[in-house]
Asker: 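Okay, here's the structure, questions in a sec.
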Amino acid sequence: MKAVRLLEYGGQLVFNDVPTPTIARDEILVKIRSTAVNHLDLVEASGTARQILPIDLPWIPGHEFAGVVEQIGSDVAACAPGDAVFGTTTGMGAYAEYLAVKASAIARKPSNLSFEEAASVPVASQTAWQGIFTHGHLEKGQTILIHGWCRHGGGLCGAIGIACRCHRHCHRKRRR
């Protein structure tokens, strides 16, 4: 398969052939349709934070992706070949034609999102989630104001807000 790789910290990215990954029993092989570039990729590639974010070189960047399930491991029951999915990587990156990833790291792609839109969600939503629950310590019964929601787009902030309400069961009956 073709992949974009980094051969040395701070070096140029190269596009070449690498073996298609094989999957373990709890993994999924995804044919990548879209990936995103984010700050984490740039920091890791530069090597400036290698003491806390080490990478094994050569390295394939790309922490978030969207694609189609190509193959599933024998212990995977949550999805099937042909399913459109999105998620985050663990280890090898998504700047490649195929990615082996744990089934727990993916979700079905909503039909109203393009592959490009879905690939841009995982790291930003994880950052928002950590800010709200890990660092903000939001608990059941508390209220949070999320700036950035607008009626015709800007949906990540609103989607996180809705997910928080549903997940934490802290919603109240709406007044009519």
Side-chain angles (χ1 to χ4, degrees), residues 1-131 133-135 155-156 159-160 163 167:
M1 72 172 182
K2 294 287 187 188
V4 173
R5 299 190 310 159
L6 180 73
L7 303 179
E8 62 183 346
Y9 282 114
Q12 296 289 317
L13 295 174
V14 297
F15 184 65
N16 53 23
D17 291 309
V18 297
T20 300
T22 56
I23 58 171
R25 295 177 4 193
D26 63 341
E27 290 183 321
I28 295 168
L29 184 66
V30 177
K31 181 164 181 50
I32 302 298
R33 294 279 306 270
S34 186
T35 186
V37 176
N38 63 57
H39 190 69
L40 183 56
D41 295 312
L42 302 175
V43 169
E44 285 180 313
S46 74
T48 57
R50 70 181 91 176
Q51 287 76 23
I52 57 171
L53 293 171
I55 55 176
D56 293 325
L57 296 168
W59 175 65
I60 300 174
H63 287 281
E64 49 198 343
F65 65 91
V68 176
V69 174
E70 185 84 7
Q71 181 183 4
I72 62 171
S74 60
D75 291 349
V76 175
C79 63
D83 288 349
V85 296
F86 72 111
T88 58
T89 63
T90 53
M92 187 181 83
Y95 293 9
E97 290 182 280
Y98 293 93
L99 173 68
V101 65
K102 299 280 186 198
S104 60
I106 66 157
R108 289 186 192 271
K109 182 185 78 62
S111 61
N112 63 332
L113 290 181
S114 69
F115 283 98
E116 293 79 12
E117 290 167 330
S120 71
V121 170
V123 172
S125 62
Q126 182 179 8
T127 301
W129 188 267
Q130 289 171 340
F133 293 106
T134 304
H135 302 291
L156 185 58
I160 293 295
H167 178 74

Asker: In the structure I gave you, are the side-chain heavy atoms of D17 and K2 within less than 4.5 Å of one another anywhere?
Answerer: yes
Asker: Please check: side-chain N/O of E27 versus main-chain N/O of G73, any donor-acceptor pairing under 3.5 Å?
Answerer: no
Asker: Check S34 against A119 and note the closest heavy-atom contact, atom names and distance.
Answerer: O-CB, 3.6 Å
Asker: List the atom of C79, the atom of I28, and the distance in Å for their closest heavy-atom pair.
Answerer: SG-CD1, 3.2 Å
Asker: Could you go through the side-chain contact (heavy atoms from CB on, under 4.5 Å) check for L113 and F86 one step at a time?
Answerer: CA-CA 10 Å; L113 290 181; F86 72 111; 5.7 Å; no
Asker: On a heavy-atom basis, which atom in I72 and which in V76 lie closest, and how many Å separate them?
Answerer: CD1-O, 3.6 Å
Asker: Does D75, at its CG atom, have more than 12 non-hydrogen atoms belonging to other residues, nucleotides or ligands within less than 6.0 Å?
Answerer: yes
Asker: With a 4.5 Å limit on heavy-atom distance, are the side chains of L99 and I60 in contact?
Answerer: no
Asker: Given side chains that start at C-beta, do those of K102 and D26 come closer than 4.5 Å, heavy atoms only?
Answerer: yes
Asker: Would you mind reporting whether V85 and K109 have side-chain heavy atoms less than 4.5 Å apart?
Answerer: no
Asker: Quick one: does Y95's side chain get under 4.5 Å of D41's, heavy atoms only?
Answerer: yes
Asker: What are the two closest heavy atoms between M1 and A96, and how far apart are they?
Answerer: CE-CB, 3.8 Å
Asker: Show the nearest heavy-atom pair for residues R108 and A78, with the distance to one decimal.
Answerer: NH2-O, 3.1 Å
Asker: So do Y9 and I55 actually touch side chain to side chain, heavy atoms under 4.5 Å?
Answerer: yes
Asker: Look at the side chain of T35 and the backbone N and O of E64, then say whether any donor-acceptor pair between them is shorter than 3.5 Å.
Answerer: yes
Asker: Donor-acceptor check, side chain of T89 to backbone of G62, threshold 3.5 angstrom: yes or no?
Answerer: yes
Asker: Closest heavy-atom contact between G11 and L6?
Answerer: O-CD1, 3.3 Å
Asker: In Å and rounded to the nearest 0.5 Å, what is the NE2 to CG distance from H63 to N38?
Answerer: 6.5 Å
Asker: Please round to the nearest 0.5 Å and tell me the distance separating atom NE2 of H39 and atom CD of E44.
Answerer: 10.5 Å
